[in-house]
Novice: 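Mind having a look at this structure? Questions to follow.
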Amino acid sequence: MSSRRGFLRNILAGAGAMASARVLSAQEMDMSHGMQGMKMTGKRQPERGHGSPLPVETPDVSQLPWRMDGNVKEFHLIAEPVKQEIFPGRIVDLWGYNGSAPGPTIQVNQGDRVRIIVDNHLPEATSMHWHGFEVPSEMDGAPGSSQDPIPPGGRFVYEFTLHQEGTYFYHSHMAMQEMMGMIGTFIMHPKEPYKPHADKDFAIIMQEYAILPNIKVPNSMNMEFNWLTFNGKSGPANTPLIVRHGERVRIRLINLGMDHHPIHLHGHQFVVTGTEGGRQPQSTWGPGNTVLVGVAQSRDVEFVASNPGDWMLHCHLPHHMMNQMSSMVGPMSRRNGMPAGLDMERGMGMLRQGSATSGENGPSLGRGLGVGSTAEQAMSNSPLKAVDPVQHEDMPDMPGMQHQGMQMGKPDVSNDANAVPGFPQDAFMEGPMMAMDQMVDKPENYGLRPGWSGFMAGMMTFVRVLPPDKYDQIMELRKKQEGNKPMKMDMPGMEHQHE
Ligand SMILES: [Cu+2]
């Protein structure tokens, strides 16, 4: 490990005298790839240098290191297929950058000269767009108009000076690739620190995927989504945002998908202080607790964490608070099999026969997860057959009740539940039988109410506003965990270390 560490230091430190054409070798690329895989900074509490900006934490996503080449900050992104564990045991095939989707977080300072080397390790052409950046047209990454697409195996070197500040992001400018995960956070720290000053600063990217049980590849043409993620994780796999009681908190929310997400915070009012265009004037800040983050937008919200507790932060669209099971509720779960998806034309409502509400078409319209299945299995999830193995065949990748680490428990339903039209809705989708506290155990979850994980799904995490003793305890646990990790990552505001 120590040789790897030394190697990294060389990459980061020895850069000054090198020609600008110098780029990382394949071996170094493997290195940086492995580094990202360790996810060491996603949870790390970065230290602050004198007068340097507060680094933004991106829970569950790593930070992209850079090297200085003269006065240019040089980053290296590799577009590639990735295996992303979006939920315990649910490892799916996405496309991302440097081993993850979303890709690693880039942080720079306003005024920086930045170079980003983009290598394409995908089997098809790609292009990198710097969303909202005021840069020369030929650096915009619009394939076909500002540049040729980067062919498979190819490379494009982007370089520009950034005079903006705010919450930005980078993404592939190929539409279907966007739906495979190809986005990352790009923070531009302001020259003049924002006022009032924030004690904690977080960023979260929202994404959505349509992935059938048994299948690991998202259907990027689908219009409905069964896996909703914050920073590449679905609840309860997300790492909560840890805050000390009384601190001022900024959360930067970024959305790239097919839906707009109303993000709601419990227990506090916040103000929207920034958009994808940068800081907003204070005169526009009105109180709220839900902010609609539209597709391709970012929103910064700020609040004083004045109310101690474990507060949910989640998308308020009901179907975005679920994991993969939204088709298994209510009357639809009572039939002996039903259409589970159709070919594209019919899935999108271009019917060949029958009406849109017929038994043949009704349940499948707008769901369109058709690839790989035409009918869902006959199944029962009535109270009397709650442990029917058929139920688990139907969701083999969902840790079942018999799964190790899953807590045993019974949903609380009344004796005549089956007689009530509409039953079941949430009875088998959340609650004690879905709890998996141990499977998602980590310092940031320490002290949560037992069974909490059974109620967290989709775009859902916690802002934990903790009294000093509890806060310190979790920071201590986190430090211990970090101590076991081999390398330190470099953060913005610590540039002096590279020079
Ligand atoms: Cu949503």
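In each ligand, atom 1 is the first atom listed, and ligand 1 is the first ligand listed. If you're wondering where the values come from, they're calculated on a predicted model, not measured in any experiment.
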Novice: Ring centroids only, cut at 6.0 angstrom: are Phe133 and Phe186 within range, meaning strictly under it?
Specialist: yes
Novice: Excluding waters, which protein N, O or S atoms are within less than 2.8 Å of the Cu ion (ligand 1)?
Specialist: His261 ND1, Cys315 SG, His320 ND1
Novice: If a pair satisfies side-chain hydrogen bond (donor to acceptor under 3.5 Å, both in side chains) and one of its residues is in residues 253-263, list it, with sequence neighbours excluded.
Specialist: His261-His320
Novice: Any heavy-atom pair between the side chains of His266 and Met312 that's under 4.5 Å?
Specialist: yes
Novice: Listing request: all ring-ring contact (aromatic ring centres under 6.0 Å, His included) pairs with a residue in residues 230-254, at least two apart in sequence or in separate chains.
Specialist: none
Novice: Would you please indicate yes or no on a ring centroid separation below 6.0 angstrom for Phe87 and Trp227?
Specialist: yes
Novice: For residues 164-190, which residue pairs qualify under salt bridge (Lys or Arg N to Asp or Glu O under 4.0 Å), counting only residues two or more places apart or in two chains?
Specialist: none
